Amino acid sequence: MKFPKRIYTIEEVKKAGELVKKGYTHRLRVKGSSAFKQKVRQTLELTKTAGCYNFLRTYIRSIVEVDGFTQLREADASIWANKYAVQNPVDAASLFIQKTNHMKEYLEGKLYFGGAAERRSVQKRMEFLRILKKKSRKKQVKEECERLLKSWSESIFL
């Protein structure tokens, strides 16, 4: 069975969800300027360090540079990100994991937006930062994880 090109209709969502349950993973594509691609590669390395790269590729097909707002495009299984969203690879990696969790909930038929869903996804983001902080050998990465965790712990979303 082939993964649907679009994931918009009930049938397409169901088909995509079934494939994910059977272990399907995407060949992740990054589209954008060379500077954007370089930053995203750094970000993806951090997801690998934390052991979350396969989680990301399971639900996300592509990461695309845009001039507008950074957002998840559920129907495309794609993260649209602007150049500012990827400037800090640690923060970008946690953002990508948060968007991946949204996509996971979308395919599972859960309410993936709104207050409770936002809290769940922020908790997933913080969980990622804790794991990355523990697994990374780089002092700078550990310090940035700690700074971001402190910032998120002061957030209204928790």
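This structure is a prediction, so every number in the text was calculated from the model and none was measured. Positions are given from 1, in the same order as the sequence printed here.
The closest side-chain donor-acceptor pair between S78 and R73, if any, does not fall under 3.5 angstrom. If you check the side chains of E118 and Q123, you find no donor sitting under 3.5 Å from an acceptor.
Between L44 atom CG and C52 atom SG the span is 12.0 Å, to the nearest 0.5 Å. To the nearest 0.5 angstrom, L129 atom CG is 10.0 Å from L46 atom CG. The CE atom of M103 sits 15.5 Å away from atom CZ of F96, with the distance rounded to the nearest 0.5 Å. In this structure, E144 CD and D91 CG are separated by 7.0 Å, a value rounded to the nearest 0.5 Å. Going from atom OG of S62 over to atom CZ of R29 covers 9.0 Å, rounded to the nearest 0.5 Å. Expressed to the nearest 0.5 Å, how far OG of S94 lies from CG of L149 amounts to 8.5 Å.
Between Q87 and K83 the shortest heavy-atom distance is NE2-O, 2.9 Å. Shown here for A77 and I7, the closest heavy-atom pair between the two residues is CB-CD1, 3.7 Å. The minimum heavy-atom distance linking E105 with A117 is given by the pair OE1-CB, 4.2 Å. The shortest non-hydrogen separation linking F128 to T47 is CE1-CA, 4.1 Å. Nearest heavy atoms, N101 versus S121: ND2-CA, 3.8 Å. The shortest non-hydrogen separation linking A85 to T70 is CB-OG1, 3.3 Å.
The existence of a salt bridge linking E11 and K15 is excluded, since no basic side-chain nitrogen approaches an acidic carboxylate oxygen closer than 4.0 Å. Remark: K22 does not engage E18 in a salt bridge, criterion side-chain N to carboxylate O under 4.0 Å. Note on E65 versus K31: no salt bridge recorded, every NZ/NE/NH1/NH2 to OD/OE distance being 4.0 Å or above. A salt bridge is defined here as a Lys NZ or Arg NE, NH1 or NH2 lying under 4.0 Å from an Asp or Glu carboxylate O, and E146 with K150 fails to meet this definition. Under the 4.0 Å criterion applied to side-chain N and carboxylate O atoms, R6 and D76 are assigned as salt-bridge partners.
Under the 3.5 Å distance criterion, the side-chain polar atoms of S151 are left unmatched by any main-chain donor or acceptor of R147. T49 places no side-chain N or O within 3.5 Å of a backbone atom of S136 that could act as its donor or acceptor partner. A distance-only check finds no donor-acceptor pair linking the side chain of K124 to the backbone of Q98 [under 3.5 Å].
Both V30 and L56 are assigned to one and the same hydrophobic cluster, defined by single-linkage of ILVMFWY side chains at heavy-atom distances under 4.5 Å. Linking ILVMFWY residues whenever their side-chain heavy atoms come closer than 4.5 Å, directly or via other members, leaves V64 and V40 in distinct clusters.
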Set out, in order, the CA-CA distance, both residues' side-chain angles and the distance that settles side-chain contact (heavy atoms from CB on, under 4.5 Å) for F36 and I63, then state yes or no. CA-CA 10 Å; F36 178 81; I63 300 169; 4.0 Å; yes

Could you go through I60 and L28, starting from their C-alpha distance and side-chain angles, then the distance that decides it, and tell me whether this counts as side-chain contact (heavy atoms from CB on, under 4.5 Å)? CA-CA 7 Å; I60 302 298; L28 187 62; 4.0 Å; yes

Evaluate the side-chain contact (heavy atoms from CB on, under 4.5 Å) criterion for residues I131 and K134: first the C-alpha distance (whole Å), next the side-chain angles of each, then the deciding distance (0.1 Å), finally the verdict. CA-CA 5 Å; I131 292 167; K134 183 178 179 182; 5.8 Å; no

Residues E45, K48; criterion salt bridge (charged side-chain N to carboxylate O under 4.0 Å, His left out); working and verdict: CA-CA 5 Å; E45 282 303 315; K48 290 175 185 176; 3.5 Å; yes

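As a member of the Ile/Leu/Val/Met/Phe/Trp/Tyr network built from side-chain separations under 4.5 Å, Y8 groups with nothing else and remains a singleton. Summarising the hydrophobic clusters (Ile, Leu, Val, Met, Phe, Trp, Tyr; side-chain heavy atoms under 4.5 Å, direct or chained), the residues clustered with Y84 are none.
Ring planes of F3 and H26: perpendicular class, angle over 60° (limits at 30 and 60°).
For the pairing with T58, the side chain to side chain contact (heavy atoms under 4.5 Å, CB included) check across T100, V20, L107 returns one residue only, V20.
Sorted by first and then second residue, the ring-ring contact (aromatic ring centres under 6.0 Å, His included) pairs involving residues 49-72 (not counting sequence neighbours) are F55-Y59.
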